[in-house]
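For the single chain, residues carry numbers from 1 onward in sequence order. FYI, side chains are in, hydrogens and waters are out, and symmetry mates aren't considered; it's all heavy atoms of this structure.
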Amino acid sequence: MMIILYILCAIILAVLVAYFVFPKALYDLMTASLRFRGGMRQKSVKVGDNAWPYLEGGRGEGVPLVLLHGFGGDKDNWSIYAPHITKDHRLIAPDLPGFGENNRSLDRDYDILSQVHRLSAFLDAINVPKCHIGGNSMGGFIALQFAMEYPDKVASLTLFNNAGVMGDVKSELAIAAEKGENSLALSDVSDVDRLMAFVSYKPVPMPKNFKKIFFAEAEAHREVLDKIFWQIAGAGINHPLNDRLGEVAAPSLIIWGRHDRLIDVSCVAVLDAGIKDSEAVIFEETGHIPMIEKPKETAAVHRAFLAKH
């Protein structure tokens, strides 16, 4: 019994030392643990002149599921969701250009159509001629337009609180953007709490040293993030895809959080009415990232939809 107690104390001490002395190493270890739990492994493929890092896991047979992260996110936005998906499906989650470990150069555009064409080249490079595609927020905008531009490559479409359409009610993010304000920008470490409360209905507290890591990452890429935000916001406000929704031929699932402050839930009615073969689910007490806020419940709906298609 005493030996077990010593071991537990040693583990706790090691974690505390890692958090205070090597917080980035501990953060990376936790990320790796989440990937392992979902059976996800990091890979990379050359697409043109750039390397595309991505996570992949799950069953190898069948049409794979490709999931795209939102603005400011990366491939690990799907790591907490993966354990509920990879038992039944092959899951691929890339870092989109401009984010994560992908190319983040300021010397090119990151408009949605450019990202759509880059995504098509990525899928060709990993030999995926057809996929079930989905995305959250910005990633949903890209997935939606991908389904319009490359219908033969899409078996089904899943939209998680996607950008790219306008509902009857303007969101807090849209109102701020029209005034020239970027609600997703961080000015200091304390802003991380504000951002977490903005995207989540019930944000999980983040340790201070992890907030510093989160802020440092955003600060290091402030210019390119700002450039991408305004390209996306401009397209969503000035050129939404409302009038093109009838072009979506793939069966589509629309998932939303009732209390999304970034993209109003009124967009669900627009999407459901505009896409011919669609179904919609709205989660209560959920914000902008249902796959993170309610991964088990969201995945159950998603799996049932994929089983039909």
Side-chain angles (χ1 to χ4, degrees), residues 30-42 54-70 73-96 128 130-144 146-147 154-163 199-204 250-260 262-263 265 267-268 271-272 275 277-309:
M30 292 174 66
T31 299
S33 177
L34 278 176
R35 292 179 185 178
F36 179 79
R37 183 168 173 263
M40 302 292 281
R41 290 170 296 137
Q42 177 154 341
Y54 64 101
L55 298 178
E56 181 176 359
R59 296 191 322 162
E61 64 271 17
V63 178
L65 170 63
V66 176
L67 294 178
L68 310 176
H69 62 79
D74 59 31
K75 57 190 176 297
D76 279 299
N77 281 185
W78 301 102
S79 291
I80 197 169
Y81 192 64
H84 307 287
I85 295 293
T86 50
K87 292 177 183 177
D88 303 305
H89 300 279
R90 176 187 171 199
L91 174 59
I92 298 167
D95 275 336
L96 292 166
V128 174
K130 194 164 191 172
C131 66
H132 298 282
I133 195 165
N136 170 241
S137 194
M138 175 199 72
F141 195 165
I142 294 169
L144 176 59
F146 185 89
V154 178
S156 74
L157 171 67
T158 303
L159 302 169
F160 303 78
N161 297 57
N162 65 285
V199 301
S200 306
Y201 180 72
K202 291 181 179 178
V204 176
S252 301
L253 172 64
I254 304 152
I255 296 176
W256 222 272
R258 172 78 67 187
H259 299 90
D260 189 349
L262 280 74
I263 307 174
V265 70
C267 292
V268 173
L271 289 161
D272 202 21
I275 299 175
D277 183 6
S278 65
E279 55 187 274
V281 176
I282 299 173
F283 287 105
E284 302 296 331
E285 297 186 346
T286 307
H288 187 61
I289 44 176
M291 75 286 186
I292 294 175
E293 295 176 80
K294 292 187 176 179
K296 184 177 180 180
E297 297 89 336
T298 303
V301 171
H302 199 183
R303 286 198 313 270
F305 169 76
L306 292 172
K308 292 188 291 186
H309 303 288

All side chain to side chain donor-acceptor pair (under 3.5 Å) counterparts of K202, not counting sequence neighbours: none

Quick one: side chain to side chain donor-acceptor pair (under 3.5 Å) partners of S278, sequence neighbours excluded? D272

Report the residues that fulfil side chain to side chain donor-acceptor pair (under 3.5 Å) with D95, sequence neighbours left out, ordered by chain and then residue number. K75

Least distance between heavy atoms, L96 atom then L68 atom: CD2-CD2, 4.1 Å

Out of the candidates I92, L34, L91, only one should pair with M40 under the side-chain contact (heavy atoms from CB on, under 4.5 Å) rule; please name it. L91

Sole residue of C267, P290, S137 in side-chain contact (heavy atoms from CB on, under 4.5 Å) with N161: P290

Tell me if a side-chain donor or acceptor on N136 pairs with a main-chain N or O of G139 at a distance below 3.5 Å. no

The salt bridge (Lys or Arg N to Asp or Glu O under 4.0 Å) partners of D76 (sequence neighbours excluded) come to R35

Partners meeting side chain to side chain donor-acceptor pair (under 3.5 Å) with R258 (sequence neighbours left out): E284

List the residues meeting ring pair (Phe, Tyr, Trp, His ring centres under 6.0 Å) with F283, not counting sequence neighbours, and say none if there are none. none

Tell me, please, which residues at least two apart from E56 pass salt bridge (Lys or Arg N to Asp or Glu O under 4.0 Å). K43, R90

Distance only, no hydrogens: is a donor on one side chain within 3.5 Å (strictly under) of an acceptor on the other, for T286 and H259? no

Could I get the full list of salt bridge (Lys or Arg N to Asp or Glu O under 4.0 Å) partners for R303, not counting sequence neighbours? D88

Non-neighbouring partners of H132 that pass ring pair (Phe, Tyr, Trp, His ring centres under 6.0 Å), sequence neighbours left out: none

With no hydrogens and no angle check, do the side chains of H288 and D260 hold a donor and an acceptor under 3.5 Å apart? yes

Listed by chain and number, what are the side-chain contact (heavy atoms from CB on, under 4.5 Å) partners of P251, not counting sequence neighbours? S156, D277, F305, H309

Those residues that, when tested against F146, pass ring pair (Phe, Tyr, Trp, His ring centres under 6.0 Å) (two or more places apart): Y150

So, Y81 and H302: side-chain donor and acceptor under 3.5 Å apart, yes or no? yes

Among all residues two or more places apart in sequence or in another chain, which pass the salt bridge (Lys or Arg N to Asp or Glu O under 4.0 Å) test with K296? none

